[in-house]
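Given the structure is predicted, the values throughout are model-derived calculations rather than measurements.
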Amino acid sequence: MKPVVVGDDAVNLSASNPCDADRAPSSSSLVIKQTSISSPSSPSSSVTTADPVKSDSANVDSLNTLEKGRTFTYSDTVQITSPTAEIKRPFLYWLRTSKHFITVTILLTLFTDMVTYGIIIPIMPSIISDMHGDPTLTGVLVSVYAAGIMSASPVFGILSDKMASRRLPMILGLSGMFLSTIIFMFAKVYWLLIIARFFQGVSGGAVWTLGLALMTDSFPANELGVQMGKSLIGHTMGLLGGPPIGGLLHDAFGPRAPFYFCLVFATIVIFLLLMLIEVRADEFLEIRRYENELRVREKARGIVVQEVRQTSIWKLITTKRMIAAVAVTTLEAFDLSSLEPTLPYYLRARFGMTEGEIGLVFIAFTMPTIISPLAGWVSDRYGAKILCSCAVIICGCFMLVLSIENKPLWGIVLTLIGIGLSTSSFIAPILGEISAVVRRTGDKAAYARAFAIFNIAFSFGMLIGPILAGYIYEKHGFKWNCIMTACILFTFVPLMIFWMGDRKDKMEDVAMYELEMEEHRWKLHEIEIIKAEKKAAEELNANTLM
């Protein structure tokens, strides 16, 4: 007999194979009501869903300013009944998919990467001396790490955007960091140190690029800044806490203790990544699997099928908002790394401080990172322009205060706290800006490439900061080093004012995200119907043949 195909009008279809076990409801049935998502191209456009996204009215009104969108209409009321009363989920599913678990995992990942970079800085001179090297070789060893990040970030960005999962490449990168740290710990010749340090940078490129892309996959646009700010606490604590931790561990437990510290944290993070469940990755794989069927259904319902636009790294980097974001990223890395090699010499020469005491002073940098989530919260509501511009200006003013000679030690510590507060405020909003740039290009699979650009910019700042600051300090002293940094910060403020996104841009970014999520949910809904139709047709054909 001729097989029977079930059409869109079927209202009670059996589906024993749901779209995504991780996202499927635990109840025995799923009722999907008719929902319309209108195109934002007309003034009367609106977004209406059975489960509306919580946002202010400005978000919806701002859709009128966006590029021409699409209209999605869910089919008539459909009830998809599961043969089992409860869907079995993985062990500790509620924890492994929670937002807090994702944020803590990325925080520890960034901390591990940056502490691996900084923890060996105070012990590198002794390692190089044992190999009969000089300070020049030490400087090369520091720079090789940044070179590894800059070379690996675009590669991982391109590869990750072609994959659904961010987690697996991150595990691979951390495993490489684990092995390269072991090689560095036991190396007896200089060239082996260079290789190990370079591959530590390569692993760092993977961790940063993929970790930030995973955050973008996991959080909506209206709370991305807050979550990015939380994860960046690990970055700054690792960057600034690495050197004092390395010095203290070296003095207390021996030359290999700092390396064991890094290995322990790398092991912890690898375990957390193995536990983490990427729900969005499963959904994207499902959509890719049914891409042809979805296009056929879109055309049959009169939905304009738009070709996916490809976005190159060059197109991203030449966008004004991305240029401003890259500039701020480079400034943050330059600001921090310019003080790393010069401040210890200044404190030792001025106050006769020991390595342990200098490490305590560096805590003044680290503690203010707790305000990063607050900075992200402000940028989520008012845009990045005001916050970044003000924070950079304030940071420049504190650098000028730091340049004043004959200050007491408590004055220096308070000034460093001010620099840490302002620096922590102008990096968190940048990550939201980068996500907005990607969303506006129309290529939803370019986030890792965009964060690869961020990674390169940060590495560039870390590369030139110590070199330029060391030269100025040697020729003109600590005072002019601080003045030089302040002047560079002030120079880029106009770029932020004219090119960074404001509150209106932020509202439009959120509206675009909501429209993108509605399209995503519509596709998952249609996949459920396609599966139910196929299941019903197979059962009906089997019964007919019998």
Side-chain angles (χ1 to χ4, degrees), residues 114-115 117-126 135 142 233 235-252 258 331-372 391-427 462 465-490:
M114 296 314 299
V115 82
Y117 161 79
I119 203 169
I120 64 174
I121 287 179
I123 63 177
M124 268 198 295
S126 61
V142 173
I233 293 176
H235 144 68
T236 310
M237 290 182 67
L239 177 65
L240 299 176
I245 291 174
L248 292 173
L249 289 176
H250 180 275
D251 294 343
L331 285 178
E332 196 246 4
F334 179 87
D335 178 36
L336 296 177
S337 63
S338 65
L339 288 176
E340 245 183 3
T342 58
L343 184 61
Y345 284 102
Y346 174 72
L347 294 176
R348 186 180 295 112
R350 174 92 187 277
F351 301 101
M353 300 178 69
T354 64
E355 283 76 4
E357 292 171 337
I358 293 173
L360 294 176
V361 173
F362 266 87
I363 295 177
F365 271 137
T366 309
M367 295 306 295
T369 58
I370 59 176
I371 73 159
S372 292
V392 171
I393 292 173
I394 292 173
C395 185
C397 292
F398 274 115
M399 290 299 299
L400 291 178
V401 173
L402 189 62
S403 69
I404 299 175
E405 298 178 338
N406 300 321
K407 292 188 304 300
L409 181 60
W410 62 266
I412 294 176
V413 171
L414 290 178
T415 305
L416 292 176
I417 291 175
I419 294 173
L421 286 170
S422 54
T423 304
S424 299
S425 299
F426 67 71
I427 191 63
M462 290 178 62
I467 296 174
L468 185 58
Y471 176 80
I472 297 295
Y473 181 86
E474 183 179 352
K475 298 295 183 182
H476 305 286
F478 186 73
K479 170 184 176 181
W480 286 102
N481 177 48
C482 296
I483 293 175
M484 176 269 300
T485 304
C487 291
I488 292 176
L489 290 171
F490 292 141

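- Side-chain atoms of Leu489 and Phe334, non-hydrogen and from C-beta on, never get closer than 4.5 Å to each other.
- The CD1 atom of Ile417 lies 12.0 Å from the OG atom of Ser422; values are rounded to the nearest 0.5 Å.
- For the atom pair OG1 (Thr423) and CZ (Phe398), the distance works out to 10.0 Å, reported to the nearest 0.5 Å.
- Taking OG of Ser338 as the start and CG of Leu331 as the end, the distance is 10.5 Å to the nearest 0.5 Å.
- When the ring pair (Phe, Tyr, Trp, His ring centres under 6.0 Å) test is applied to Tyr117, the partners found at least two apart in sequence or on another chain are Tyr145.
- Of all heavy-atom pairs between Asp335 and Cys395, the closest is OD2-SG, 3.2 Å.
- For Tyr473, the ring pair (Phe, Tyr, Trp, His ring centres under 6.0 Å) test picks out no residue, with sequence neighbours left out.
- No side-chain heavy atom of Thr485 sits under 4.5 Å from any side-chain heavy atom of Leu402.
- For Ile483, the side chain to side chain contact (heavy atoms under 4.5 Å, CB included) criterion is met by Leu400, Ser403, Lys479, Trp480, Cys487, not counting sequence neighbours.
- The shortest distance between side-chain heavy atoms of Ile404 and Thr415 does not fall below 4.5 Å.
- In Phe351, the CZ atom is crowded: over 12 heavy atoms of neighbouring residues, nucleotides or ligands sit closer than 6.0 Å.
- When all heavy atoms of Ala486 and Met399 are compared, the pair lying nearest together is CB-CB, 3.9 Å.
- Distance check: Lys407 NZ to Arg350 CZ gives 7.0 Å after rounding to the nearest 0.5 Å.
- In this structure, the separation between CG on Leu468 and CD1 on Ile488 is 5.5 Å, given to the nearest 0.5 Å.
- Under the 4.5 Å side-chain criterion, counting only non-hydrogen atoms from C-beta, Tyr346 is not in contact with Asn481.
- Considering CG of Leu339 and CZ of Phe478, their distance stands at 5.5 Å, rounded to 0.5 Å.
- Residue Met237 qualifies as open at atom CE: its count of foreign heavy atoms under 6.0 Å is 12 or below.
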